Amino acid sequence: MHPLANAIAPLLEHVGGTAVPAAEREPGDIVLYWDGAPAVAVRLPGEELTSALDRIIRAVEGELGGRLPDLPRADKQRAVRLLEERGAFSMRKSVETVAKALGVSRFTVYNYLNREQADRT
């Protein structure tokens with residue numbers, strides 16, 4: 001693989017993209033050039049993975065240091081609090097998306113939200 005692919009690997013990991021040889025590019029891939037020649041193609045995830053909610057979820061995972069389904073209950077509750085603070089639940093179908101990301105039911109997410117609201121009063 002081209003050295004440029006190694007240089008951008010951390011960025012691609014963060015956004016969920018992959019580097020492919022320029023010769024294997026597909027429509028929709030972004031071609032990066034090195035010294036005027038195609039060096040590597042970047043394949044970004046589909047629309048469902050690049051939505052604002054998914055970016056917020058990935059940021060919370062990074063902040064909490066692990067994938068949401070792998071976190072203990074207290075950290076899942078903290079994740080819901082962080083997601084709420086960042087406006088995640090103002091988006092359409094957000095509770096379903098967050099529940100799936102956490103590996104819990106929608107009912108559990110609503111319980112976490114209600115618990116957070118009760119703690120504020």
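Bear in mind the structure is a predicted one, so any value in this text is a computation, not a measurement.
Using a distance-only test at 3.5 Å, with no hydrogens or angles considered, a donor-acceptor pair links the side chain of D29 to the main chain of E26. In this structure, the side chain of N114 engages the main chain of Y110 through a donor-acceptor pair within 3.5 Å.
For L4, the side chain to side chain contact (heavy atoms under 4.5 Å, CB included) partners two or more places apart in sequence, or in a different chain, are H2, I8, L32, W34, A39, V40. Residues that satisfy the side chain to side chain contact (heavy atoms under 4.5 Å, CB included) test with Y33, not counting sequence neighbours, are V31, P38. Residues satisfying the side chain to side chain contact (heavy atoms under 4.5 Å, CB included) test with R73, not counting sequence neighbours, are Q77, Y112.
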> What's the verdict on side-chain contact (heavy atoms from CB on, under 4.5 Å) for T18 and V42, showing C-alpha distance, side-chain angles and the deciding distance?
Replying inline: CA-CA 6 Å; T18 56; V42 173; over 6 Å; no

>> Walk me through whether D54 and T97 qualify under side-chain contact (heavy atoms from CB on, under 4.5 Å).
In response: CA-CA 8 Å; D54 290 323; T97 302; 4.1 Å; yes

>> Does R81 form a side-chain contact (heavy atoms from CB on, under 4.5 Å) with L113? I'd like the steps, not just the answer.
In response: CA-CA 7 Å; R81 183 176 65 247; L113 286 168; over 6 Å; no

>> Assess the residue pair S105 and T108 against the criterion (side chain to side chain donor-acceptor pair (under 3.5 Å)); give the C-alpha distance rounded to whole Å, side-chain angles, the decisive distance to 0.1 Å, and a yes or no.
In response: CA-CA 5 Å; S105 68; T108 299; 3.0 Å; yes

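Considering every non-hydrogen atom in both L53 and S94, the closest pair reads CD2-CA, 3.7 Å. Heavy atoms only, all atoms of each residue included: L71 and K76 are closest at O-CE, 3.2 Å. Between A101 and L68, the closest heavy-atom pair is O-CB, 3.5 Å. Taking each heavy atom of A41 and R25 in turn, the nearest pair found is CB-CB, 3.7 Å.
Residue E63 places its CD atom among more than 12 non-hydrogen atoms of other residues, nucleotides or ligands, all under 6.0 Å distant.
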